[in-house]
Amino acid sequence: MRMTGLFSRTLRETPGKTESKGHEFLLRAGYIRQAAAGIYSALPLAFRSLRKIEQIIREEMNAIGGLEILMPVVNPAEIWKETGRWYSIDAELSRFKDRNDRDMVLAMTHEETVTDIMRDELQTYRQLPTMVYHFQTKWRDDPRPRAGLIRVREFTMKDSYSFDRNQEGLEKQYDAHYHAYFRIFKRCGLPVIAVASDTGMMGGKVSHEYMYLNPIGEDTIILCSSCDYSANRQVADIHKQLYPEDLLEIEEKETPGTKTIEELSAFLGIPARKTAKAVMLMGRFTDPGDEEKSYEKLITAIIRGDLDVEEAKLQKACGALALRPAHDEEITACGLVPGYASPIGARDTEIIVDDSVAGSNNLVAGANKEGYHLLNTNFGRDYAGTIADIASAREGLACPQCKEPLEAKRGVEVGNIFQLGTRYSESMGCTFQDENGKAQPVIMGSYGIGVGRLLACLAEEFHDDKGLVLPAAIAPFHVHIVNLLKTNEEAEKIYADLMEAGLEVILDDRKETAGVKFNDADLLGMPLRITLGNKAMQDGEVEFTVRSSGEGYRVSLGEVVTSAMDVLNR
RNA sequence: CGGGAUGUGGCCCAGUGGCUAGGGCACCUGGUUUGGGACCAGGGGAUCGGAGGUUCGAAUCCUCUCAUCCCGACCA
């Protein structure tokens with residue numbers, strides 16, 4: 001491509017509203033332009049990189065037996081009603097009516113669509129296992145898009161779906177994806193780690209997320225440096241020290257002005273672990289009689305004072321569609337007193353008790369009376385509830401595997417893999433006949449990679465203070481020719497030779513000063529720059545500059561192609 | 001959905017009641033330059049986010065509204 005033919009321009013100044021260097025350079029270099037909040041166009045440069053990323057993914061998906069298809073963005077609402085997600089997902093799922101007044105949705109993922117296809121196509125176990133994938137636009141009406149391409153509302157995702165006759169087959173395909181994903185990220189050049197994750201709205205049991213560790217990420221990952229433990233904080237386990245004791249008599253004590261655990265433990269002179277705190281949230285639940293309706297109920301979470309509640313775990317433990325902080329009136333209506341709350345005497349509320357509380361005794365809890373607490377409360381004797389792990393992992397707490405202190409890091413989720421099981425095949429009736437002629441639900445898995453988010457992460461990982469420094473595998477072009485000669489004659493010759501050899505080349509044939517051309521080349525970030533200048537040209541040479549290292553040297557005209565190949569292959 | 005901020009040519013910004021809305025970058029024309037964002041001269045481009053109001057007079061004050069960004073809630 002010649003730069004005189006490229007309409008997109010570079011920006012000398014940083015547009016406002018950029019949060020990260022990666023976003024800034026993608027904008028300044030003219031890779032992307034914003035259309036609306038969380039909605040971007042890919043200009044020619046980004047488009048080429050996105051295509052390359054897709055091709056890498058495509059090759060790796062094909063290598064594990066994937067069949068590429070293309071499913072629609074617009075779905076009939078019926079299939080989403082069948083799986084219940086029409087009802088369980090809030091405004092993030094966009095709905096509309098077609099001209100015949102039928103409910104439609106913009107697909108935010110394609111489990112429904114693919115299951116709908118497969119329930120018609122799959123008849124016998126002989127057709128299994130199988131796996132399909134596609135690259136398709138997803139629309140998720142995120143309430144708060146941010147950080148350029150990191151978190152958007154419209155994006156392209158590679159999503160694949162596996163179909164097996166049993167768990168063993170699923171695990172095989174899951175494992176194949178697990179390794180294929182590492183190959184994909186490695187080929188793109190992005191360092192990632194796989195962590196255990198929450199299954200969220202996808203349902204299912206086992207899942208992993210591929211995390212690019214970077215402070216701009218929105219997920220918190222809990223890691224152990226002493227062993228290999230890693231998990232998204234939403235599901236991270238911790239080793240909890242328990243403190244069982246002989247039960248003592250419960251006793252009411254006046255504790256004025258002790259609404260927080262800190263105030264309480266200071267007032268009583270006891271460690272936070274000797275207290276049990278109550279956290280009240282309103283949970284939204286599906287009406288058992290009518291799945292189109294839902295109702296709210298107060299959830300009281302009880303956790304030891306030295307720990308915090310992890311909402312994702314709590315939501316799973318109580319089976320709520322969603323949780324929100326409860327208002328004071330909602331709390332008092334159930335007999336609890338904010339600041340002095342405990343499950344003792346509470347009514348009309350579901351009580352979830354962390355195992356740290358169930359396994360420790362004689363804890364101080366609220367008396368549900370302003371200014372009073374109860375000493376020596378004990379789960380089982382004084383109140384009942386469902387025991388679950390609802391504790392939030394944080395830096396310094398003990399690793400569940402080796403008990404060493406955990407670390408916390410921020411990360412961007414660039415891919416995820418889910419063992420769905422029969423969550424979709426059962427609700428949609430996607431079955432096959434086994435050897436005995438008996439209908440069995442298909443065992444499914446789903447696997448996603450956000451293509452644009454991957455590019456955003458690469459821009460984040462590969463830049464210096466002057467611009468992008470992209471790896472050859474995903475850079476829009478391999479070679480950037482900066483022509484400083486009066487005419488384009490020699491440059492055109494080299495341009496043609498390099499392309500003849502199969503390289504992708506962008507030629508700066510504009511009538512611009514050297515400074516402008518160099519700065520733009522730095523900004524665009526191609527791996528190899530070839531400069532044509534008077535001095536070197538008189539010696540029959542051109543100048544090579546490796547963008548990543550800044551290394552520069554001269555190459556004679558006859559060796560341009562082979563030298564360029566050498567640089568790009570190393 | 002709560003809290004905060006910002007909307008002025010393609011981009012970055014100045015302009016807090018008073019002449020025809022200004023600068024830098026970018027763009028066009030001519031000339032001079034030509035190895036790290038050149039210089040000179042000339043030029044084009046704006047219903048100051050939108051609507052309503054106050055006023056002799058509004059980019060500027062008031063009301064409403066829309067959009068974008070940040071924090072939180074939310075999020076495969």
Side-chain angles (χ1 to χ4, degrees), chain A residues 7-20 23-24 27-28 30 33-40 85 88-93 107-111 138-148 150-153 155 157-159 161 197-204 207-210 216-219 232 234 281-282 284 311-312 315 321-325 327 412-418 420 423 446-450 453 466-467 482-487 508 510-523 529 531-537 542-543 545 550 552:
Chain A
F7 67 85
S8 60
R9 292 182 303 104
T10 55
L11 306 174
R12 293 195 184 186
E13 283 171 289
T14 305
K17 295 160 185 174
T18 56
E19 235 198 307
S20 69
H23 183 205
E24 175 189 329
L27 279 172
R28 283 187 53 205
R33 291 291 182 254
Q34 184 177 28
I39 306 178
Y40 285 82
R85 291 209 283 190
S88 64
I89 298 176
D90 202 35
E92 198 182 352
L93 175 67
M108 53 199 294
T109 171
H110 282 83
E111 280 78 13
K138 307 287 186 264
W139 170 259
R140 297 181 187 178
D141 199 356
D142 194 298
R144 190 155 118 67
R146 56 169 285 270
I150 295 287
R151 182 163 151 179
V152 291
R153 296 193 292 170
F155 58 100
M157 183 186 224
K158 184 289 298 177
D159 38 329
Y161 302 92
S197 70
D198 186 22
T199 50
M201 74 167 183
M202 304 297 298
S207 71
H208 284 87
E209 289 169 343
Y210 290 76
I216 63 162
E218 300 188 281
D219 286 281
N232 193 305
Q234 294 179 325
L281 295 149
M282 290 302 281
R284 178 162 290 282
E311 275 194 35
Q315 187 176 343
L321 297 172
L323 294 176
R324 65 166 175 85
H327 301 129
V412 181
E413 179 190 346
V414 285
N416 54 38
I417 55 180
F418 292 93
L420 295 174
R423 158 80 176 82
S446 84
Y447 317 85
I449 292 180
R453 180 179 280 185
K466 294 187 153 191
V482 173
N483 182 30
L484 303 178
L485 304 175
K486 289 244 189 301
T487 69
D508 195 344
R510 298 174 300 173
K511 288 188 186 0
E512 288 289 352
T513 60
V516 170
K517 290 186 176 187
F518 284 136
N519 278 297
D520 278 351
D522 288 340
L523 201 49
R529 182 166 89 208
T531 307
L532 277 62
N534 277 318
K535 276 173 275 177
M537 193 55 74
V542 297
E543 193 176 319
T545 309

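Model, not experiment: these values are computed from the prediction. Throughout, a chain's letter reflects where its sequence line sits, starting with A, and its residues are numbered from 1.
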Consider the side chain of A:Thr10, meaning its heavy atoms from C-beta on, and name the nucleotide among B:G36, B:C27, B:G37 that approaches it most closely. B:G37

Using distance alone, with no hydrogens and no angle criterion, decide if A:Glu209 and A:Asn416 have a side-chain donor and acceptor under 3.5 Å apart. no

Value in whole Å for how far the P atom of B:C74 lies from CD of A:Glu311: 5 Å

Quiz item: A:Glu13 side-chain donor-acceptor pair to B:G24 base, under 3.5 Å: yes

Nearest-Å distance, NZ (A:Lys511) to P (B:U34)? 16 Å

Does A:Thr513 make a side-chain N or O approach to OP1 or OP2 of B:G37 shorter than 4.0 Å? no

Looking only at heavy atoms, the pair that brings A:Ser20 and A:Ile216 closest together is CB-CG2, 4.1 Å

Counting side-chain heavy atoms from C-beta on, which of B:G36, B:C75, B:C70 comes nearest to A:Glu92? B:C75

If you compare every side-chain N and O of A:Arg12 against the phosphate oxygens of B:A26 (OP1, OP2), does one of them come in below 4.0 Å? yes

Quick check on B:C75: is either OP1 or OP2 less than 4.0 Å from any side-chain nitrogen or oxygen of A:Gln234? no

Rounded to the nearest Å, what distance is computed from the NZ atom of residue A:Lys486 to the P atom of nucleotide B:G35? 8 Å

Salt bridge (Lys or Arg N to Asp or Glu O under 4.0 Å) partner of A:Asp520, the single match among A:Lys466, A:Arg28, A:Arg510: A:Arg510

Separation of A:Glu543 atom CD from B:G36 atom P, in whole Å? 11 Å

Measure from CG on A:Asp142 to P on B:C74 and round the result to the nearest Å. 12 Å

